[in-house]
Amino acid sequence: MTKKFEGSDQVSLDLLKRMKESEIESAFDRYDLQQPQCGFGQLGLCCRHCQMGPCNVDPFGRGPRRGVCGADANTIAARHYVRIVAAGAAAHSDHGRSVAQLLIAVARGEAPGYRITDTKKLFEVARVFDVSTKDRKIEEIAEEVGEMALAEFGKAYGTQKFATRAPINRQKVWEKLDVTPRAIDREVTESMHRTGMGTDQDYNNLIMQACRTSLADGWGGAMIATELQDILFGTPKPTRGTANLGVIKEDEVNILVHGHEPQMSEMIAVASTDEELLNEAEAVGANGISVAGVCCTANEMLMRHGIPLAGHMKMQEMAIATGAIEIVTVDIQCVMQADVDVSGYYHTKMITTSPKAKITGAEHIEINDENAYEKAKDIVRMAINNYPNRDKSKVFIPKGSKSQLVIGFSHETIKYMLGGKFRASYRPLNDNIMNGRIRGVAGVVGCTSSTVWPDQQPYMELVKQLIANNILVVQTGCAAAECGREGMMVPEFMENAGDGLREVCEAVGMPPVLHAGSCVDNSRILIACSEMVKEGGLGNDISELPVAGACFDWMHEKALTIGHYFVTSGVFTIFGTKTPVAGAPVVDKLLCEGLEDIVGAKWAFEPDVNKMAQLMIDHIEKKRDALGINVKKERKLYDMADRRALEVEGSTVQAGCEPGIAHSHQKKD
Ligand code: NFS
Ligand code: SF4
């Protein structure tokens, strides 16, 4: 059955057509070639954890019901699930570890080219880590914060320090279940151990380990990545940017930065402004040097510096197939090996920069903390020298394919935007949720993948339905890149929002769809939820908030880990795919029903985007009912709001308006 979604991604369709004409294979072709994909794998019922296997379990009872060791469907599916969560946690966290190492190197003066940018954030993290700031040099504080962060990965005792930022009641839920994450590496290692042959063979116990490991990501490794990157590269503030393949310049040297860690891309961006290199670019006939991003590196660069975003995960081959890329540099995660082949059809050079990620056929130039700027300059120079090799007849940059967007909505920004510079607070957001202008908040995050053909745009449709129902949308990852590319992240898009949400967006001047960053930056959403609880009026735990999370087509294991830490943090989360444990309905029931009684939130898997939106809306309304904020208040004669409205002649504030964002219209209070 073909799914009908909003819009069509013409740019991607044009590029895919072009690739086909040039006989370049795309991930979409390879996806077709993989059909039909293994049914056991799709059901989560394939186990290869020991040499007696691989074992498959037949969910229809016609074949084996157990593996050679006796593992049943529940055990096999739950073990598989835990391994996905552990792999995702490992990916985000290893990224976080590199940032901690870089912070230490910068503090010790061993990383030329980098600096400490946000001391306010440094002090905030120092406070959480119990690092003294009194009468100490910034470098001293930064070094100790870096060391403390590094210790979070392997400490012998205690639990994750950032977990103390969660509301007290949430922490109590975790303590009671004994899922407060210990050292990050320990949780990942223990997950691998428990899921091997012959260890943990109780699906309930396995899913609890998935809870603990996912929290080690969200409130551990991923949060360390976000917070320490903010210290080093700056906490994002609202900035204008551009997105889509049209950001690639026909007459400039183009460098595509792809991957996840900003360490590499930040230096390439700096090197691209080097006077000497700009002169060299001019000497080869180029009008400048242009850097554009793909995947989460793009989100990082866009959020902090407004550096254009060429595309999200499933567009990486298309970006190279514009034929106008001199160099594509990659570090870690979500990089397709096929990029080497696509590059090979053009003059494009592909360069790997991380010792953790080499790709056969790509050139390796290692970038580390000490040599980053020099190596980045070398790479930019290589791109310049490659510019004359560009075959103009192969260049294809779809015309008009460039969208404007406003980005940079860190949780601090949201606080400032809503509360104002002098009284930054979540009070106005909570008040507007309580008075019903905003019904709730939805996180729409995660991947794009080759399982969805570009004539379908599920993220657009989902987000449109949510904002039309007065739900404020916060986005990260490739889902954010997709909606940003489609022009949904500008204040003008508020005309698609419901009346209440539009009123708030108008008063504050913000889009109804907020870009909060890369996938590790989902930790910003965890903090925002915690702040909403602490602000008061919306219950005493994240699980009481009228919020929901969604990802349509998750691709990388990281996305499932994110989903699981949101659920374990108390947020109803829905993915637009089939359940990853479809072959074990009992485990599926635990994820999609049972967990609600245990952690206060549950999963849903629903491939129909309309049903997905409705489930989120229903959930948010259910939470509003439980909070008692859906009850219409009885009007008193001349209540506070009436008096205010009378006092403010000519003001746009209406009678009945409660304290909130719209008060920024008031001339006096
Ligand atoms: Ni997230 Fe970023 Fe995109 Fe998915 Fe990959 S780029 S870390 S995993 S595909 S959203
Ligand atoms: Fe088969 Fe059990 Fe070995 Fe898995 S662990 S491959 S189910 S024998």
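What you are looking at is a predicted structure, and each value in this text was computed from that prediction instead of being measured. In listed order, ligands and their atoms are each counted from 1.
Listed by chain and number, the protein atoms of type N/O/S under 2.8 Å from atom 5 (Fe) of ligand 1 are Cys334 SG; waters are omitted. Around atom 1 (Fe) of ligand 2, the protein atoms of type N, O or S that sit closer than 2.8 Å are Cys55 SG.
Residue Gln263 comes nearest to Val99 through the heavy atom pair NE2-N, 3.8 Å, listed as atom of the first residue, atom of the second, then distance.
Remark: Ala87 pairs with Glu557 by the side-chain contact (heavy atoms from CB on, under 4.5 Å) rule, at least two apart or across chains.
Proximity of a side-chain donor or acceptor of Ser93 to a complementary backbone N or O of Ala90 within less than 3.5 Å is not detected.
Note on Glu227 versus Arg165: salt bridge recorded, some NZ/NE/NH1/NH2 to OD/OE distance being below 4.0 Å. A salt bridge links Arg524 with Asp230: the closest approach of a Lys/Arg side-chain nitrogen to an acidic carboxylate oxygen falls below 4.0 angstrom. Ion pair Asp217/Lys558 not flagged as a salt bridge, since none of the NZ, NE, NH1 or NH2 atoms sits closer than 4.0 Å to an Asp/Glu carboxylate oxygen.
Under 4.0 angstrom from ligand 2, the non-hydrogen atoms of Arg79 all belong to its side chain.
For CZ of Arg65, the number of neighbouring non-hydrogen atoms (other residues, nucleotides, ligands) closer than 6.0 Å is 12 at most. Within 6.0 Å of the CD atom in Gln37, the count of heavy atoms belonging to other residues, nucleotides or ligands exceeds 12.
Distances from ligand 1 to the non-hydrogen atoms of Gly446 include at least one value under 4.0 Å.
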Counting only pairs under 3.5 Å, give me each side-chain donor-acceptor contact of residues 573-580, with atom names and distances, residues two or more places apart or in other chains.
| from | atom 1 | to | atom 2 | distance (Å) |
| --- | --- | --- | --- | --- |
| Thr573 | OG1 | Val571 | O | 2.9 |
| Thr577 | OG1 | Trp554 | NE1 | 3.2 |
| Thr579 | OG1 | Val581 | N | 3.1 |
| Thr579 | OG1 | Asp588 | OD1 | 2.9 |

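Stacking of Arg304 on the aromatic ring of Phe233 is not recorded, the 6.0 Å distance cut-off and the 45° axial limit not both being met.
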